[in-house]
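This report refers to the structure that appears directly beneath it.
Here the structure is a predicted model, which is why all the values come from computation and not from measurement.
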Amino acid sequence: MPVESGNSTAARQVKQKRKSHSLSIRRTNSTEQDRPGMQRDLLEGQDSKLPMALRSNLLDLFGQIEREFENLYIENLELRREIDSLNDRLAGEGQTVDGGDLSKGALKTKASHSTSQLSQKLKTTYKASTSKIVSSFKATTSRAVCQLVKEYVGHRDGIWDLAVTRVQPLVLGTASAVNSIKFHPTEQMALTASGDQTAHIWRYMVQLPLPQPPADTSASLDDDVDFSDKDEADGEADGPSECPTIRVATTTLKSHQGVVIAADWLVGGKQVVTASWDRAANLYDVETSELVHALTGHDQELTHCCTHPTQRLVVTSSRDTTFRLWDFRDPSIHSVNVFQGHTDTVTSAVFTVGDNVVSGSDDRTVKVWDLKNMRSPIATIRTDSAVNRISVSANQRIIALPHDNRQVRLFDMSGVRLARLPRSNRQGHRRMVCCSAWNEENQACNLFTCGFDRQAIGWNINIPALLQEK
């Protein structure tokens, strides 16, 4: 008669233990299946305005959710037991080190250390999975209040760029047939970049209408006045007037051999910088229209350029996955630094009021850099869509991220998400969002966005005081 070995006996015991455990789970599930019927019988005697069919359907759904959570709870208990047993075994092995063979003991300690790291990762994964389940039932609260204020329509094509003047009167500029628009820091002039390999400077004059005097209400009600004619005349006076058009540019900047994709004013407004698909950025003198410097070095087409608000610094971004910092503070020395932090096209890189640069890319990331130490970013924001031309609020230091997937998200400088601008079938952008621009002078409408849906939108962004202090 064959005799079972010790290993086979232990295996059979383990199998019987697992079988009894699975049976106990099935019994639990069977009782749970009978519970909705009992609850249904109890609810029949209760008053409710819901139809019985709807109440029965809700009970079935909640019963399924309860069973799913019960199974998940049991799996989590088993996983916790395995983790505890693994930690106990690792702790016991770490204490038994052979003192006669130091090399073997070192190997044991190293293996124990690596295995403990693995167990720690298991714990982290376990906690993350359970926290996701719990957080899915919590109401997501936004850190900022975002409201749509006004929609600006009129273009017959997508809007690539937009900008707001820094001085009074406040003017919003949108660029549709051209690639970019920037306003002069102090004067009523606009700088545009175009696909005809040129950049233009336009001088404009905006005069806000004077407030109308109050209507004279001293006339007697007994006077015979034909109000229908009066209303007709008022309607004609308030009708749409022809928008003034500027057809001749003040200055034309020529020297690029490709599309000029972006342009910006240097601090002071006496020089401008342009970025082109010919892989170069050019620095021009505004008064003479002469080329001062040709900034070369990028391996592929440029996508954007930006200047520092208070210093003679320029940052250019390119499809070669890099952005470059050009320093013109010393007239005799023009230094350049190359930064490689992205894996795809850098769509834009902008300065903040402080010593930071924020870069966005088609690799779905946004990185915050410190000008004093640009070896690695101080914060990285990972998103689910490519990022286009970003902007940073000067006062609140909030980053506005326009995405290819029609979303606009707000983050602080440390990478914490503050809000997502509301978007639905009735409001928000319906196609790719190309650009964002902050307006610090008007708190009622302090953020503008534009996109391929041929409209620009003004938003009111309200950040709680507690978040601003942080």
Side-chain angles (χ1 to χ4, degrees), residues 180 182 185 193 199 255-256 258 260-268 270-285 291-382 386-392 394 397 399 401 411 413-415:
S180 76
K182 292 292 182 182
S255 64
H256 282 292
V260 181
I261 196 64
D264 201 358
W265 302 85
L266 264 74
V267 57
K270 295 183 179 181
Q271 292 180 330
V272 298
V273 61
T274 58
S276 172
W277 284 2
D278 61 6
R279 306 181 183 183
N282 291 340
L283 187 66
Y284 295 92
D285 183 88
L291 176 64
V292 179
H293 293 289
L295 314 179
T296 60
H298 282 289
D299 296 331
Q300 294 188 34
E301 295 89 342
L302 272 65
T303 57
H304 192 253
C305 66
C306 180
T307 59
H308 196 280
T310 59
Q311 304 182 57
R312 291 179 56 82
L313 298 173
V314 177
V315 60
T316 57
S317 53
S318 171
R319 293 183 60 188
D320 60 7
T321 73
T322 68
F323 66 94
R324 295 178 177 236
L325 177 64
W326 310 83
D327 190 348
F328 297 99
R329 289 175 293 186
D330 189 347
S332 60
I333 302 176
H334 301 148
S335 61
V336 57
N337 295 317
V338 183
F339 303 101
Q340 300 175 346
H342 293 280
T343 58
D344 206 338
T345 299
V346 181
T347 55
S348 64
V350 299
F351 290 100
T352 66
V353 175
D355 295 330
N356 296 110
V357 173
V358 184
S359 59
S361 171
D362 280 342
D363 63 6
R364 304 181 180 183
T365 65
V366 173
K367 298 179 183 292
V368 182
W369 309 79
D370 188 355
L371 286 177
K372 299 177 181 178
N373 183 13
M374 300 281 284
R375 294 182 179 179
S376 60
I378 59 177
T380 299
I381 303 170
R382 304 187 185 279
V387 183
N388 296 311
R389 293 183 175 179
I390 60 179
S391 62
V392 182
R397 293 174 63 84
I399 311 171
L401 276 57
F411 289 81
M413 294 295 291
S414 60

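Classified by interplanar angle (parallel below 30°, tilted 30° to 60°, perpendicular above 60°), the ring pair W369/F323 is perpendicular.
Sequence neighbours left out, the pairs with a member in residues 358-382 that pass salt bridge (Lys or Arg N to Asp or Glu O under 4.0 Å) are D355-K372. Sorted by first and then second residue, the salt bridge (Lys or Arg N to Asp or Glu O under 4.0 Å) pairs with a member in residues 306-315 form an empty list; sequence neighbours excluded.
Minimum interatomic distance between A263 and S180 (heavy atoms only, all atoms of both residues): N-OG, 3.3 Å. Pairing each heavy atom of D264 with each of C306, the nearest pair is OD2-CA, 3.7 Å. Taking every heavy atom of both residues into account, D344 and S361 meet most closely at O-OG, 3.3 Å.
Taking OH of Y284 as the start and CD of Q271 as the end, the distance is 12.5 Å to the nearest 0.5 Å. One finds the NE2 atom of H334 at 8.5 Å from the CG atom of D327 (value rounded to the nearest 0.5 Å). Atom CZ of R397 is separated from atom OG of S414 by 10.0 Å, given to the nearest 0.5 angstrom.
In this structure, M413 and I399 have side chains that are in contact, with non-hydrogen atoms separated by less than 4.5 Å. Taking the side chain as every heavy atom from C-beta outward, V366 and F411 never approach each other to under 4.5 Å. At least one side-chain heavy atom of L295 sits less than 4.5 Å from a side-chain heavy atom of F328. In this structure the side chain of T347 never reaches within 4.5 angstrom of the side chain of H304, judged on heavy atoms. Residues I378 and N356 meet the side-chain proximity criterion, which asks for heavy atoms closer than 4.5 Å.
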Should C305 and T316 be marked as a side chain to side chain contact (heavy atoms under 4.5 Å, CB included) after you check the CA-CA gap, both sets of side-chain angles, and the distance that decides it? CA-CA 4 Å; C305 66; T316 57; 4.1 Å; yes

Does the pair T307 and V267 meet the rule for a side chain to side chain contact (heavy atoms under 4.5 Å, CB included), with working shown? CA-CA 7 Å; T307 59; V267 57; over 6 Å; no

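Side-chain polar atoms of T365 and H342 form a donor-acceptor pair below 3.5 angstrom. Between the side chains of T303 and S317, at least one donor-acceptor pair of N or O atoms lies under 3.5 Å.
Within 6.0 Å of atom CH2 in W326, more than 12 heavy atoms from other residues, nucleotides or ligands are found, so the atom counts as buried in its surroundings.
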